[in-house]
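Notes follow once the structure below has been shown.
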Amino acid sequence: MSATTSDLEAPVAYAPSAETLAAVLTRDERPRRPSALSASLTFGWRAILKIKHVPEQLFDVTAFPIIMTLMFTYLFGGALAGSTGEYLQFFLPGIMVTSVVMITMYTGVGLNTDIEKGVFDRFRTLPVWRPAALVGMIFGDVLRYILAAAVIMCVGLALGFRPAGGVTGVVAAIGLLVVFSFAFSWVWTMFGLLLRSEKSVMGVSMLVLMPLTFLSNVFVDPRTMPGWLQAFVEVNPISHLVTGVRSMMAGAWDPAEITWTLIASAAFVLIFGTLTMRLYNRR
């Protein structure tokens, strides 16, 4: 049988030689392994994109701080300080700290959700710095902290808050708050890995956060409290943070409280960051 035109025009299979295959496989075309910072920032960008696609996540950093500021200012301001304006000068730095510290728990909740969905099992197979996914998640949450602080400051200025420290004092105070919140988030990453469900993470987080934020110097002067409660308030890290933030906004910086806050932040990262990584590596 004679060959048809289609048979003549059919492509001929090409089998590369062993030498050619070896040259291709050994060629140095593999991309470089990303640095720890690059990988962490990439995962941080992922966290920001999640906010972009689900903007309802910003409810806790916008509506919640506004409600807290208005409610406590007009509910307790007149009774505690004689006027809402005077109370606002004392109260606003504290409610800023409270609102931002409260939303740090969502770092652990989000981590637990990703683990339950199997997302982190895929991340663990990537050739990147192992803690990058965790660090990047917290980097993404830093944007939420800044946004919450900015919202409260705008509301406070509209209500009559006037920081004597000016723009420099406000920016420095927010910076100190963000540093502490970043460090404090490692507590919730540990719980996110340790507990089995996001509801459990949220429940334990609230159990820890409620005493820390309400049994502090956020709402009233501790000198009006019983002696046993003053002892707790004096060692409460939130109290030291609030005092440092207040001093910065007032233009009379308190080096002791600021240093204490930075040391506490370093301790949170060292202790809970280490525990988080141990749990992460064992999963």
Sidechain N-carboxylate O distance under 4.0 Å for Arg144, Asp141: yes
Sub-6.0 Å ring centroid separation between Phe182 and Tyr145: no
For the rings on Phe180 and Phe268, is their centre-to-centre separation under 6.0 Å? yes
Identify the two heavy atoms, one from Ile258 and one from Ser247, that lie closest to each other, and give their separation to 0.1 Å. CD1-OG, 4.4 Å
Shortest non-hydrogen pair, Met96 vs Ile174, comes out as SD-CG1, 4.2 Å
Between Phe214 and Phe72, what is the ring plane arrangement, given parallel below 30°, perpendicular above 60°, and tilted in between? tilted
Name the orientation class of the two ring planes belonging to Phe90 and Tyr87 (parallel below 30°, tilted from 30 to 60°, perpendicular beyond 60°). tilted
Flag the pair [X] / [Y] as yes when at least one side-chain heavy-atom distance between them is below 4.5 Å, and no otherwise.
{"X": "Phe43", "Y": "Met137", "result": "no"}
{"X": "Met153", "Y": "Met249", "result": "yes"}
{"X": "Ile152", "Y": "Met68", "result": "no"}
{"X": "Ile115", "Y": "Leu111", "result": "yes"}

So, taking the atom named OG in Ser197 and the one named CE in Met202, what distance separates them when rounded to the nearest 0.5 Å? 10.0 Å
Straight-line distance of Leu270 CG to Ser265 OG, nearest 0.5 Å: 12.5 Å
Kindly write out the residues that satisfy salt bridge (charged side-chain N to carboxylate O under 4.0 Å, His left out) with Arg223, not counting sequence neighbours, or none if the list is empty. Asp221
